[in-house]
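For the numbers below, each heavy atom of this structure counts, side chains included, while hydrogens, waters and symmetry mates do not.
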Amino acid sequence: MPQESSQQPKQQPHRVVLVVDENSNPFEMSCAIEVFGLRRPELGRELYDFRLCADGPVTRMRDGFFTLTGVAGLEAAEDADTLIVPNRPDTETPRSPRVLDAVRRAHARGARLVGFCSGAFTMAEAGILDGRRAACHWMWAESFRARFPRVGLEPDVLFVDDGDILTASGSASALDLGLHIVRRDHGAEVANAVSRRLVFAAHRDGGQRQFVERPLPDVPDESLAPLLAWAQERLGEPLTVAGLAARASVSPATLHRRFRAQLGTTPLAWLTGERVALACRLIERGEERLDVVAARSGLGTAANLRARVRRETGLSPSAYRRRFGPAAGEAVRT
């Protein structure tokens with residue numbers, strides 16, 4: 001009698017489908033491909049099964065820069081675990097009824113929906129954002145509110161994670177939201193690896209402002225990169241904003257201004273975010289002693305660690321370990 005295999009069935013990668021509609025922005029399409037579509041042999045496993053689809057065989061991209069051909073039809077959206085809805089600059093032009101129907105069906109069957117930049121207009125037209133939170137580009141905030149008053153628009157943030165519906169405010173924040181999704185799906189360690197591959201800035205959370213209004217300085221501020229690299233090597237030490245300013249040979253007020261200008265956040269918020277990310281990586285690598293994780297990440301106490309990790313990830317440290325720890329990773333690779 002043949003023996004039963006002790007191995008578990010191989011888990012299929014999460015399927016992400018991007019819908020491209022007439023006059024879609026190519027930049028956001030490229031962001032989705034970079035984050036979800038590229039193979040990552042350095043990680044030893046497939047993160048996502050990514051596909052493009054469109055309503056017709058030929059799709060004219062924004063301003064006629066080029067046309068897209070050779071992608072799947074809208075039927076590909078029916079199997080998506082995550083559906084990225086189309087965006088485009090002419091927000092007043094109605095979307096294709098077939099595209100809107102595909103979005104509604106995906107939402108009805110429980111797929112996760114993602115919108116970049118003006119993608120919130122697509123979701124709102126489909127009628128799935130009523131009573132939900134969303135982000136869109138600040139230039140369209142007034143128009144969006146006038147057309148969709150039942151949507152809880154948050155006009156100043158980079159992106160909004162409302163559970164099964166996620167929206168990013170602008171073009172560059174598509175990368176922020178994409179990396180946030182990778183972090184949510186696969187943990188901080190994998191998200192950092194993807195970020196390094198992109199040579200993209202460190203984590204910016206969704207609550208940061210889209211833009212900072214400031215006068216153009218006479219002399220551009222120097223890059224914060226050397227200071228950030230120095231601090232990231234010393235997160236477990238008692239770093240302070242005053243200490244960071246002294247390291248950069250500037251006043252705390254000047255350092256605060258440079259962080260706002262270059263990162264869109266404050267020095268303290270950046271430092272806390274980096275410490276939480278390090279704590280998550282330590283948990284993923286198998287460290288179970290919360291007091292050790294708190295000390296090595298600079299979060300101080302296990303109580304502060306629990307509060308910060310829950311605020312950042314929506315999970316307690318123990319739940320985070322079950323989802324992203326070594327045992328979880330081994331189950332995925334089996």
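Remark: the backbone N or O of Ala191 is not paired with any side-chain donor or acceptor of Ser195 at under 3.5 angstrom. Between the side chain of Ser118 and the backbone N or O of Phe121 there is no donor-acceptor pair closer than 3.5 Å. No donor-acceptor distance shorter than 3.5 angstrom exists from the side chain of Arg323 to the backbone of Gly187, with no hydrogens or angles considered. At least one donor-acceptor pair under 3.5 Å links the side chain of Ser24 to the backbone N or O of Asp21. With hydrogens and angles ignored, the 3.5 Å screen pairs a side-chain donor or acceptor of Arg132 with a backbone N or O of Asp162. Side chain of Glu28 to backbone of Phe116: no donor-acceptor contact under 3.5 angstrom is found.
Thr122 has its side chain out of reach of Asn87: every pair of non-hydrogen atoms, C-beta onward, lies at least 4.5 Å apart.
With sequence neighbours left out, Glu233 forms a side-chain hydrogen bond (donor to acceptor under 3.5 Å, both in side chains) with no residue at all. Take Tyr320 and apply the ring pair (Phe, Tyr, Trp, His ring centres under 6.0 Å) test, not counting sequence neighbours, and it matches Phe324. Annotation: side-chain hydrogen bond (donor to acceptor under 3.5 Å, both in side chains) contacts of Ser251 (sequence neighbours excluded): Thr254. Applying the side-chain hydrogen bond (donor to acceptor under 3.5 Å, both in side chains) rule to Ser96 yields the partners Asp55; only residues at least two apart in sequence or on another chain are considered. Under the ring pair (Phe, Tyr, Trp, His ring centres under 6.0 Å) criterion, Phe148 pairs with Phe144, not counting sequence neighbours. The side-chain hydrogen bond (donor to acceptor under 3.5 Å, both in side chains) search around Asn23 returns Asp90, not counting sequence neighbours.
Residue pairs meeting the ring pair (Phe, Tyr, Trp, His ring centres under 6.0 Å) criterion with at least one member in residues 75-113, sequence neighbours excluded, do not occur. Applying the side-chain hydrogen bond (donor to acceptor under 3.5 Å, both in side chains) test to every pair with at least one member in residues 60-69, sequence neighbours left out, gives these pairs: Asn25-Arg62. Screening residues 289-299 for side-chain hydrogen bond (donor to acceptor under 3.5 Å, both in side chains) gives Glu287-Arg289 as the qualifying pairs, with residues at least two apart or on separate chains. Sorted by first then second residue, the side-chain hydrogen bond (donor to acceptor under 3.5 Å, both in side chains) pairs that include residues 31-43, not counting sequence neighbours, are Arg39-Glu46, Glu42-Arg197.
In this pair, Phe159 and His180 present their aromatic rings tilted. The plane angle is within the 30 to 60° band.
Val292 belongs to no hydrophobic cluster, as no Ile, Leu, Val, Met, Phe, Trp or Tyr side chain comes under 4.5 Å of its own.
A side-chain donor from one of Glu92 and Ser143 sits under 3.5 Å from a side-chain acceptor of the other.
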When the side chains of residues 234-249 are checked against the rest of the protein, which donor-acceptor pairs come out under 3.5 Å, sequence neighbours left out?
residue, atom, partner, partner atom, Å
Arg234, NH1, Trp230, O, 2.9
Thr240, OG1, Gly243, N, 2.9

